[in-house]
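Here is the structure we will look at, set down as structure tokens.
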Amino acid sequence: QVQLVESGGGLVQAGGSLRLSCAASGRTYSVYAMGWFRRAPGKEREFVAAINWSGGSTAYADSVKGRFTISRDNAKNTVYLQMNSLKPEDTAVYYCAAANSMVVPTTGRRYDYWGQGTQVTVSS
């Protein structure tokens, strides 16, 4: 089992920045890729960003490219999502996920473990 705990969400004005963190514990040796997803009110969960074990490969949704950056610190078993130039449409609950995968999954069904989520609200 892998436990994931997100933090760093909050309320920010449009154009502002937030950094989300996701701390992993448990059988972290078996975790290869980490991802961030989000679910806005009334919408389906969508992929945001993902990173492989080494940090050498990343993937982003088109809607966040150039604004969001995913990174990881394996010594701390933590993955980050730096969110800049935030827009009201970025408002959602953001979820961290972990996948036993050597590639960078961009679909939720490829992930094995999920956090509880952290709320991000961007005001206009």
Side-chain angles (χ1 to χ4, degrees):
Q1 288 287 342
V2 175
Q3 292 78 44
L4 303 172
V5 179
E6 302 97 335
S7 61
L11 174 64
V12 64
Q13 289 188 331
S17 299
L18 282 174
R19 188 177 81 156
L20 304 183
S21 299
C22 174
S25 61
R27 299 181 62 182
T28 55
Y29 66 87
S30 63
V31 172
Y32 292 101
M34 299 291 289
W36 287 96
F37 290 76
R38 67 187 181 186
R39 187 192 300 272
K43 294 187 177 181
E44 296 291 318
R45 182 182 65 195
E46 65 173 351
F47 168 75
V48 176
I51 189 168
N52 72 337
W53 172 251
S54 69
S57 180
T58 59
Y60 294 93
D62 289 342
S63 58
V64 306
K65 279 181 182 177
R67 300 188 299 122
F68 291 10
T69 302
I70 189 170
S71 62
R72 65 191 299 162
D73 184 340
N74 287 339
K76 297 182 179 179
N77 289 332
T78 301
V79 63
Y80 305 97
L81 184 68
Q82 178 67 45
M83 305 185 295
N84 299 327
S85 301
L86 282 162
K87 304 175 181 180
E89 51 263 44
D90 293 318
T91 295
V93 177
Y94 283 71
Y95 298 91
C96 172
N100 284 320
S101 173
M102 295 299 290
V103 297
V104 183
T106 60
T107 55
R109 64 179 181 272
R110 298 285 305 277
Y111 285 82
D112 304 290
Y113 305 102
W114 294 83
Q116 293 300 308
T118 185
Q119 176 71 48
V120 171
T121 303
V122 184
S123 63
S124 58

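Remember, predicted model here, so these are calculated numbers, not experimental data.
A14 and P88 make their closest contact through CB-CD, 4.1 Å (heavy atoms, listed as atom of the first residue, atom of the second, distance). Residues R67 and S85 share a closest heavy-atom pair of NH1-O, 3.0 Å. Closest approach of R72 to W53, counting heavy atoms only: NH2-CE3, 3.2 Å. Here the closest non-hydrogen pair linking D73 and Y80 is CB-CE1, 4.1 Å. In this structure, A50 and P105 approach most closely via the heavy-atom pair CB-O, 3.5 Å.
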**Study point:** Derivation and outcome, side chain to side chain contact (heavy atoms under 4.5 Å, CB included), residues R110 and F47
**Key:** CA-CA 11 Å; R110 298 285 305 277; F47 168 75; over 6 Å; no

Review point. Would E46 and R38 count as a side chain to side chain contact (heavy atoms under 4.5 Å, CB included) if you check the C-alpha gap in whole Å, the side-chain angles of each, and the deciding distance to 0.1 Å?
Key: CA-CA 5 Å; E46 65 173 351; R38 67 187 181 186; 2.5 Å; yes

Review point. Stepwise, does the side chain to side chain contact (heavy atoms under 4.5 Å, CB included) test hold for T91 with Q119?
Key: CA-CA 8 Å; T91 295; Q119 176 71 48; 4.0 Å; yes

**Study point:** Test log, rule side chain to side chain contact (heavy atoms under 4.5 Å, CB included), inputs Y95 and L4
**Key:** CA-CA 9 Å; Y95 298 91; L4 303 172; over 6 Å; no

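Although no hydrogens or angles enter the test, the distance criterion places no donor-acceptor pair under 3.5 Å between the side chain of S101 and the main chain of A99. Between the N74 side chain and the N77 main chain, no donor and acceptor come within less than 3.5 Å of each other.
Side-chain contact between V103 and Y32 is absent, with no heavy-atom pair separated by less than 4.5 Å. Put simply, the side chain of E6 does not reach to within 4.5 Å of the side chain of L20, judged on heavy atoms.
Neither Y113 nor F37 shares a network with the other; the hydrophobic side chains, linked directly or stepwise wherever heavy atoms of I, L, V, M, F, W or Y lie under 4.5 Å apart, form separate groups for each. The same ILVMFWY cluster, assembled from side-chain heavy atoms under 4.5 Å apart, contains both V120 and L81. When the side chains of ILVMFWY residues are joined at heavy-atom separations under 4.5 Å, either directly or via intervening members, L18 and M34 end up in a single hydrophobic cluster.
Rounded to the nearest 0.5 Å, atoms CZ (R45) and OG1 (T107) are 9.0 Å apart.
The aromatic rings of Y94 and F68 lie tilted to each other, with the angle between the two planes from 30° to 60°.
Checked options V48, I51, V64; the residue passing with I70 is I51 (criterion: side chain to side chain contact (heavy atoms under 4.5 Å, CB included)).
Counting only residues at least two apart or in different chains, disulfide bond (SG atoms under 2.5 Å apart) contacts with residues 93-124 comprise C22-C96.
A salt bridge between K87 and D90 is absent, with no side-chain N of the basic residue lying under 4.0 Å from a carboxylate O of the acidic one.
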